[in-house]
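All chains are named by letter (A, B, ...) in the order of the sequence lines, taking the proteins before the strands, and each is independently numbered beginning at 1. Worth saying up front: this structure is predicted, and the values here are computed from it rather than measured.
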Amino acid sequence: MELDIKYNPASVEDKWYAYWLEHKFFHSEPDNRPSYTIVIPPPNVTGILHMGHVLNNTIQDVLVRHARMNGFNACWVPGTDHASIATEAKVVNKLAGMGIKKRDLTREEFLKYAWEWKEEHGGIILEQLKKLGSSCDWDRTAFTMDEPRSESVMKVFVDLYEKGLIYRGLRMVNWDPKAQTVLSTEEVIYRDEKSKLYHLRYYVADADVNPVVPTAEEGEVLHKDENGRYYAVVATTRPETIMGDTAMCINPKDPKNQWLKGHKVIVPLVGRVIPVIEDRYVDVEFGTGCLKVTPAHDVNDYALGKTHNLETIDIFNPDGTLSEAAGLYVGQDRMDVRKQIAKDLEAAGLMEKVEDYDNKVGYSERNRDTAVEPRLCKQWFLKMKHFADIALPPVLDGKITFHPSKYVTTYRNWLENIQDWCISRQLWWGHRIPAYFLPVEEGAEEQFVVALSLEDALAKARAIKGYENITADQLVRDEDALDTWFSSWLWPISLFDGINNPGNDEIKYYYPTNDLVTGPDIIFFWVARMIMAGEEYLKDVPFSNVYFTGIVRDKLGRKMSKQLGNSPDPLNLIATYGADAVRLGMLLCSSAGNDVLYDDSQVEQGRNFCGKMWNAFRLVQGWTVDQNAAQPQASRLAVEWFDNLLSQTVETVEDHFSKFRISDALMTIYKLFWDEFCAWYLEAIKPVGGLNMDPATYSATLGFFDKLLKLIHPFMPFITEELWQALAQRKEGETIMLQDYPKAASYDKELIANFEIAKETIANIRNVRQSKNLSPRESLGIVVENFPASVLPVVARLANIEVLEGETSGSAVSFMVGTSKISIELAGKINVEEELKKLEADLAYQHKFLASVRGKLSNERFVANAPEAVIAGERKKESDCLERIAAIEASLKALK
RNA sequence: GGGAGCAUAGCUCAGUUGGUUUAGAGCAUCUGCCUUACAAGCAGAGGGUCGGGGGUUCGACUCCCUCUACUCCCACCA
């Protein structure tokens, strides 16, 4: 097989990916082998690949390929998520561009557009994952809204409702005015914001009938205007909500505001008279200690309203504009009203002052520019206490391991303070809630049934007293859809149809899955809830390990985002550098749980490594074998050494894999290939004059190459397949993907250590050459003492030296490697003065070292307390040091 | 406000139950090389008082306390 001079990733990658698909190497069916399963964190169906996906999916692919080569029946199940809010928003936007408003469409019409959009854009991301080399079982590609998944969601909803775990409740919820839907508490992200704190005047309303009487208490603060009218000052960040004020609240113990007790005050501009109520909730230290109470638009105010029986005035429309109930600014957007009302209050003399203020504002996780509005409405909730109880033990007991483990605390904290999950969304794109409302009299309690089908619903409705004769067309199905995560949490189960077909062969074989690779940002949204669903429906964990990846940032540490334009397009990167290079670049800098600071230079390093592999292969491939050639000593030794080193390294790699230290495993292999194999091994065995090679070395080298390629394959699947295919005559249908991963074997530590001495010696000799300006071509003579003779041929080969017998002349340069002494014969080529200086310096250092070691050894407490091995080590240091001193002194003497 | 994490070379990070002198790696830097696989390369070199302070110990990058800086998560202070 002819190889190009340069590695060309593009053609190689497409070729082998097609080959893998054609032979269905990614496909898995249950069999007798142990299973290894990963379910993909389903990307948004209309999403496109970004750097976070690259990181996440590269790691998954490494794990899957590694498991596959280790004899597991590996199954990586891909799929996409319908992403209710995000996708619906995209469709709404697209329709808006066509001049169509969502509210002018029926549900059916809207969904038709939505599905069209999904067909058009859906799954692009899966094609992009293929470019990365992902070895997913594409035959199993799923979608959270396809038939089996939807059916599972419905069944689970009905089941949980029947178990009494799902209920309908009137609650203060988080409202996204842009998407016009409620959000769960987890979908609200709080951001620090520079805002204003408006201090408003609330005049006392009843001063004429109920005069303000200063109590003359210490610390009392009265406000009186130039006309002698008393007023309270309320600090608020949201002046636009004053139309909803139904009380003002003070802390009964607040000395500043004692005089307000029992009074009524006037809401500025609005003119409504509201009572002053007392509650210990109010923070005496904040502002003036006077709190405006708007029960309809603030969670705390709602609670206050409940305890104090206050009226609730909802002044907002669902889209965030002011409603009729507000009386003022009707139809204007809340944010515009805030600016306007501030001006109007100022003009009316009702604004005491305005301060700069830092506060936290909740935004919608999906519409990040939209501040959420607390809103009172009736929604569907899932009781979480039960789920927290079943989801906590497996993580605390270690049945599930988090990598890194610090997330256990986060997980536990959340579960221990869990709130009920609001699962309904006012969206059409999603799983429609299987609840049916029955007709009721005006003002009566709502009546509904929950059922999988209209027929079931009708039967259930008819069982209710007074509804015996109800007809199907009188049942009104709930308009709302379920939170996307209500389908995602079933993913590891629903992918194997474990809800619809409990106990089927696939769910039994693939569940629990093995590893989950995801970001810590969805630990609550997804990870925790999958554990809940797993425990609830299969009485078993959904996975054994969770590998949390970090966030991909640019090299300045900024999060990658479209707005900043600091996110490279992964497909461009793949086109420029090759998928293997991108994978390697990403992995090199990603230890579990740490953020990844991405820089192109890492991908360049990946590309360079591909080049290195390619060229090493070309070198080996260029050799021809002379069956009669004898194996040189140096080659024999190098083969033996590398064989042992390979075993040792495989052991290290296995250890790294077992601890999910993926980047360490990769770096270990990287160095083995580049530093050990290329820089030392190949250089040692390279035929000197021509291309002829002895058969023993040649076949050993091919064997090493084979193993190295297999070791690298999970990380860099394409180039390893290309080279492995070229390494020997392969049959159609053969692949490196399905070869056995190299296994650790015993190795000779001493042999490896001796070779290290040889390497160090060679490096020293090269160093001497460089500093003395001696050409590498010029052979030098050396004399060695206390040197492992077995490795001398390698030193001779790589340092271009001859080993001399006997003594060196006076002008030799000596150095120590461990306790071995090497002297280079340099008659007439050296500066004796300089050498003397060097040796003196070395000698001084050795003496200092000796003193420190002896200091330790003469410390009785050290000798008494330290383990024997440590003491023995110190003694060895001492004797070695003495040897070195003797050797240096001998050299000095010879030089003089 | 509560909690967690991190602080080691110019940069990004290892350092796995405390025990090798001179604390490692990759990248970057510097020097010399177009040596017939590879200049996307080869051969070398320099670079750190392990954030500050205190403590435990024969011995601390490692364990404890404290301070400082940064990051993240959680929380209803208007």
Side-chain angles (χ1 to χ4, degrees), chain A residues 5-7 172 190 197 234-238 241 249 281-283 285-287 289-294 298-303 357 359-360 362 374 404 406-410 413-414 417 520-521 523-524 551 555 557 577 581 588-591 593-599 601-602 604-605 607-623 655 659 661 663-664 667-668 670-671 678-679 682-683 686 690-691 762-764 766-767 769-771 773 775-777 845-846 848-850 852-853 856 859-867 869-871 873-874 876-877 880-881:
Chain A
I5 302 222
K6 298 252 163 170
Y7 175 55
M172 188 61 87
Y190 291 91
L197 191 59
V234 171
T236 179
T237 52
R238 302 203 58 193
T241 63
C249 191
Y281 162 74
V282 177
D283 182 354
E285 301 299 317
F286 189 91
C290 294
L291 173 74
K292 70 195 255 331
V293 185
T294 321
D298 185 279
V299 182
N300 304 303
D301 293 13
Y302 177 65
Y357 184 67
N359 72 334
K360 296 224 177 210
K406 65 178 176 184
Y407 289 109
V408 172
T409 323
T410 313
N413 236 317
W414 185 70
N417 299 289
D521 49 330
I523 185 169
F524 307 137
I551 295 164
K555 65 175 173 185
Y577 298 100
L588 279 176
C589 55
S590 59
S591 50
N594 288 338
D595 284 356
V596 173
L597 270 67
Y598 171 83
D599 186 57
S601 70
Q602 290 148 196
E604 280 170 24
Q605 198 183 340
R607 175 202 55 192
N608 295 353
F609 189 50
C610 287
K612 192 71 187 176
M613 289 168 72
W614 192 257
N615 283 314
F617 187 83
R618 286 177 52 226
L619 173 69
V620 172
Q621 200 204 24
W623 290 334
D655 185 54
K659 291 172 181 154
R661 293 162 162 266
S663 60
D664 287 340
M667 188 45 75
T668 304
Y670 176 95
K671 284 195 274 191
C678 294
L682 289 181
E683 292 300 330
K686 219 164 162 176
L691 296 172
I762 294 160
N764 269 299
R766 285 172 177 167
N767 202 355
R769 277 186 198 277
Q770 192 168 345
S771 63
N773 243 326
S775 161
R777 295 201 180 86
Y845 173 79
Q846 296 298 341
K848 215 174 117 194
F849 175 59
L850 183 66
S852 101
V853 172
K856 251 189 205 179
N859 181 336
E860 275 172 38
R861 289 200 287 179
F862 171 74
V863 180
N865 294 320
V870 175
I871 298 170
E874 294 298 319
K876 172 123 194 345
K877 280 188 216 165
D880 287 357
C881 190

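- Comparing B:rU71 with B:rC65, their C1' atoms are spaced 23 Å from each other, to the whole Å.
- Looking at residues two or more places apart in sequence or on another chain, you find a side-chain contact (heavy atoms from CB on, under 4.5 Å) between A:D655 and A:S658, A:K659.
- Rounded to whole Å, atom P of B:rU16 lies 12 Å from atom CG of A:D664.
- Rounded to the nearest Å, the gap between the P atom of B:rG2 and that of B:rC67 is 13 Å.
- Straight-line distance between the P atoms of B:rG1 and B:rA69: roughly 14 Å, to the nearest whole Å.
- One finds a side-chain N or O of A:R861 lying less than 4.0 angstrom from the OP1 or OP2 phosphate oxygen of B:rC58.
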Task: Per-nucleotide pairing state of RNA chain B [Watson-Crick or G-U, under 3.5 Å; [ ] pseudoknot-crossing; | other strand] - done: (((((.(..((((.....[....)))).(((((.......))))).....(((((..]....)))))).)))))....
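- Shown here are the ring-ring contact (aromatic ring centres under 6.0 Å, His included) partners of A:F524, two or more places apart in sequence or in another chain: A:W414.
- Here, B:rA39 and B:rC34 have their C1' atoms 7 Å apart, quoted to the whole Å.
- Distance from the side chain of A:K686 is smallest to B:rA37 among B:rU16, B:rA40, B:rA37.
- In this view, A:Y302 and A:M172, A:K306, A:L376 satisfy the side-chain contact (heavy atoms from CB on, under 4.5 Å) rule, not counting sequence neighbours.
- The gap from the P atom of B:rG47 to that of B:rA23 amounts to 11 Å, rounded to the nearest Å.
- Among the protein residues, A:A679 comes within range of the sugar-phosphate backbone only, with heavy atoms under 4.0 Å from sugar or phosphate atoms but none that close to a base.
- Across the protein-nucleic acid pair, A:K659 atom NZ and B:rG15 atom P stand 10 Å apart, rounded to whole Å.
- Projected onto RNA chain B by closest heavy-atom contact, A:E683 and A:N859 fall at different nucleotides, the more 5' of which corresponds to A:E683.
- Contacts of A:D283 classified as side-chain contact (heavy atoms from CB on, under 4.5 Å), with partners at least two apart in sequence or in another chain: A:E285, A:F286.
- Taking atom CG of residue A:D599 and atom C1' of nucleotide B:rU12, one finds them 10 Å apart after rounding to whole Å.
- Atom pair A:N615:CG and B:rA37:C1' shows a separation of 5 Å (rounding to whole Å applied).
- Listed by chain and residue number, nothing satisfies the salt bridge (charged side-chain N to carboxylate O under 4.0 Å, His left out) test with A:E604 (two or more places apart in sequence, or in another chain).
- Distance, A:L682 CG to B:rA37 C1': 9 Å, rounded to whole Å.
- Among residues two or more places apart in sequence or in another chain, the salt bridge (charged side-chain N to carboxylate O under 4.0 Å, His left out) test is passed with A:K671 by none.
- For A:T409, the listed nucleotide lying nearest its side chain is B:rA4; candidates were B:rA37, B:rA4, B:rA43.
- Annotation: B:rA40 and B:rA28 have their C1' atoms spaced 16 Å apart (nearest Å).
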Sort me out a list of protein N/O and nucleotides 44-47 of chain B N/O pairs below 3.5 Å, or just none if empty.
residue, atom, partner, partner atom, Å
B:rG44, OP1, A:R766, NH1, 3.3
B:rG44, O2', A:N767, OD1, 3.3

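- With sequence neighbours left out, the ring-ring contact (aromatic ring centres under 6.0 Å, His included) criterion links A:F609 to A:Y670, A:F673.
- Between the P atom of B:rG41 and the CG atom of A:L619 lies a distance of 16 Å, rounded to the nearest Å.
- Dashed line: the shortest gap from a side-chain N or O of A:R661 to OP1 or OP2 of B:rG15 is under 4.0 Å.
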TODO: Let me have a per-nucleotide readout for nucleotides 17-30 of chain B, 5' to 3', with B, S or -, counting only protein heavy atoms under 4.0 Å.
DONE: --BSBB--SSS---
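- For A:N608, a side-chain nitrogen or oxygen approaches OP1 or OP2 of B:rG41 to under 4.0 Å.
- Legend: residues meeting side-chain contact (heavy atoms from CB on, under 4.5 Å) with A:N764, ordered by chain and number and at least two apart, are A:E760, A:F815, A:V817.
- Atom CG of A:L597 is separated from atom P of B:rU71 by 13 Å (rounded to the nearest Å).
- Between the C1' atoms of B:rC27 and B:rA14, the separation comes to 14 Å (whole Å).
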Task: Letter per nucleotide, 5' to 3', of nucleotides 72-78 of chain B [B base touched, S only sugar-phosphate touched, - untouched; heavy atoms, 4.0 Å] - done: -SSBBBB
- [ ] Check the pair A:I762, A:R766 against side chain to side chain contact (heavy atoms under 4.5 Å, CB included), reporting the backbone distance first and the verdict last.
- [x] CA-CA 6 Å; A:I762 294 160; A:R766 285 172 177 167; 3.6 Å; yes
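- Straight-line distance between the C1' atoms of B:rA45 and B:rG51: roughly 29 Å, to the nearest whole Å.
- Within 4.0 Å (heavy atoms only), A:C610 reaches no atom of the nucleic acid at all.
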